[in-house]
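Notes for the one structure printed next.
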Amino acid sequence: MKEDQQFSNDPIENEHLNKYIEKKVRKNSRLRVGRKNKEIKKYRRRLIFKTALPLCLFFIIIALISGYFVSPYSKVKNISIEALQDQNQLKNNLPIQVGDSLMMVKLNEPKVIKLVKQNDINVKNVKINWKGHNEAILKIKFYDFYAYFKHDGHYYPVNDRGETVKQPASINNKKNVLILQGFSNKKRIKTTLLQYEKLPNDLKADVKEVKKETTVDDPQKVKVYLNDGNQVVLQNDQLAKKMAYYPSIKTTLKRPSVVNMEYGAYATPIK
């Protein structure tokens, strides 16, 4: 370079040298501008990519969500019932149907279970399982009816919540069930059933019927009719506790009697 920049006294030689230097400067200048242009282009591409990528992802997600909700995959595909009852009748009373929103059903499972119980008082427990992604399996357990409410010569099943079925039923063997009569209060029925359940099995088998004998002075009064012909008067919320004494009292009775156990215990022969 030093030699290039040294000018001689020859005008022609100096002219050639000046042209060479100008050409070299222009070349270097073009290289620097071109290099700058490439960097600008890269910067612009990165800027466009950073701006467009979030928008593209947003629209892709929206499209996927919209596609899911309009597809059959987001709906209840099938409903099956596992229960020892008429399947068609149960399906007609279900609060969910095929084609319902899968998300809404899954989010509201407790409410669905509650509605199934409300639609049929025979239902004791409901559990919802899922087969695959969108096939519902309802496992339904029913009450075992051992008590019946007697009214106008008909017998209506009663569950342990004290609720009475609206349709009467036929009883094949009355010795194996408890008959309730005269009750109009669901809470009283439930209390009586809970007390009855606490009795020993041999004493349960001897109880035939519990009849309400409510008075103004004694709103809890009931009369228990036994298969041996005797009757026991007591408060229904004391049934389990006081009936525990009945077997020993029974041995002292010489003929069918009414045993009053409301306050103390005394027996009066049935006329």
Side-chain angles (χ1 to χ4, degrees), residues 113-114 117-118 120-126 141-169 171 173-271:
I113 291 172
K114 184 178 179 180
K117 290 181 178 181
Q118 288 179 349
D120 190 340
I121 66 169
N122 299 334
V123 175
K124 184 175 184 179
N125 189 34
V126 180
K141 186 177 180 181
F142 293 86
Y143 287 100
D144 294 324
F145 292 104
Y146 59 85
Y148 291 81
F149 182 74
K150 184 179 179 180
H151 181 70
D152 291 338
H154 298 287
Y155 296 91
Y156 300 84
V158 180
N159 64 30
D160 58 14
R161 289 184 295 183
E163 297 171 326
T164 305
V165 177
K166 295 180 180 181
Q167 296 297 325
I171 305 174
N173 189 353
K174 292 182 181 180
K175 290 184 179 180
N176 298 326
V177 299
L178 173 66
I179 305 300
L180 302 173
Q181 191 174 174
F183 290 92
S184 57
N185 188 303
K186 184 170 71 174
K187 185 176 179 180
R188 295 278 174 83
I189 294 175
K190 185 176 180 179
T191 300
T192 303
L193 295 177
L194 290 174
Q195 289 290 314
Y196 174 80
E197 275 298 301
K198 295 178 181 179
L199 296 175
N201 289 334
D202 56 343
L203 197 51
K204 279 184 187 178
D206 202 20
V207 175
K208 179 174 64 174
E209 183 177 327
V210 179
K211 184 178 180 181
K212 186 182 77 169
E213 296 282 333
T214 300
T215 63
V216 176
D217 297 329
D218 193 354
Q220 299 287 339
K221 183 178 179 180
V222 295
K223 181 180 284 187
V224 180
Y225 293 82
L226 300 150
N227 288 317
D228 57 18
N230 293 319
Q231 301 171 13
V232 179
V233 177
L234 41 69
Q235 290 92 357
N236 71 325
D237 57 354
Q238 296 290 312
L239 191 148
K241 179 180 178 180
K242 293 188 176 181
M243 283 297 294
Y245 300 105
Y246 174 74
S248 60
I249 295 173
K250 177 181 175 179
T251 59
T252 66
L253 303 177
K254 296 182 180 180
R255 67 181 199 176
S257 304
V258 176
V259 181
N260 194 308
M261 301 179 72
E262 289 183 275
Y263 310 100
Y266 62 92
T268 303
I270 297 176
K271 298 180 181 180

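In this chain, numbering begins with 1 at the start of the sequence shown.
A salt bridge links E197 with K204: the closest approach of a Lys/Arg side-chain nitrogen to an acidic carboxylate oxygen falls below 4.0 angstrom.
The minimum heavy-atom distance between L234 and L239, with the atom names listed, is CD1-CA, 4.1 Å. Residues A240 and K198 come closest through the heavy atom pair CB-CB, 3.7 Å. Closest approach of Y155 to Y148, counting heavy atoms only: CB-CB, 4.2 Å. Closest of all the heavy-atom pairs between M261 and Y245 is CE-CB, 4.0 Å. Closest approach of K212 and V222 over heavy atoms only: CA-CG1, 4.2 Å. For the pair N159 and L193, the tightest heavy-atom approach, listed with the atom from each and the gap, is O-CD1, 3.4 Å.
In this structure, Y196 and Y146 have parallel ring planes: the angle between them is below the 30° cut-off, well short of the 60° mark. In this pair, Y156 and H154 present their aromatic rings perpendicular. The plane angle is above 60°, beyond the 30 to 60° band.
At a threshold of 4.5 Å between non-hydrogen side-chain atoms, the residues I249 and V232 do not count as touching. When side chains are defined from C-beta on, Y225 does not count as touching I179, because their heavy atoms never get closer than 4.5 Å. Proximity of M243 to L199: side-chain heavy atoms (C-beta onward) are separated by under 4.5 Å at one or more points. You'll find the side chain of L226 reaches within 4.5 Å of the side chain of V207, heavy atoms only.
For the residue pair N230 and Y246, a side-chain donor N or O sits within less than 3.5 Å of a side-chain acceptor on the partner. Side-chain atoms of N236 and T192 form a donor-acceptor pair, as typed in the model, at a separation below 3.5 Å.
Note that the OG1 atom of T214 and the CD atom of Q220 stand 7.5 Å from one another [nearest 0.5 Å]. Here R161 contributes atom CZ and I189 contributes atom CD1; the two are 13.0 Å apart, rounded to the nearest 0.5 Å. Put simply, CD on E262 and OG1 on T215 are 7.0 Å apart, with the number rounded to the nearest 0.5 Å. The OG1 atom of T268 sits 10.5 Å away from the CG atom of L253 when rounded to the nearest 0.5 Å. Note: R188 CZ to L180 CG = 13.5 Å, rounded to the nearest 0.5 Å. Taking CD of Q181 as the start and NZ of K223 as the end, the distance is 11.0 Å to the nearest 0.5 Å.
At distances below 3.5 Å, at least one donor-acceptor pair connects side-chain atoms of S257 with backbone N or O atoms of R255.
Remark: Q238 pairs with Q235, K241, K242 by the side-chain contact (heavy atoms from CB on, under 4.5 Å) rule, at least two apart or across chains. Applying the salt bridge (Lys or Arg N to Asp or Glu O under 4.0 Å) rule to D228 yields the partners K250; only residues at least two apart in sequence or on another chain are considered. Scanning for side-chain contact (heavy atoms from CB on, under 4.5 Å) contacts around L194 gives K190, with sequence neighbours left out.
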*Determine, stepwise, if the pair F142 / V123 fulfils side chain to side chain contact (heavy atoms under 4.5 Å, CB included).*
CA-CA 4 Å; F142 293 86; V123 175; 3.6 Å; yes
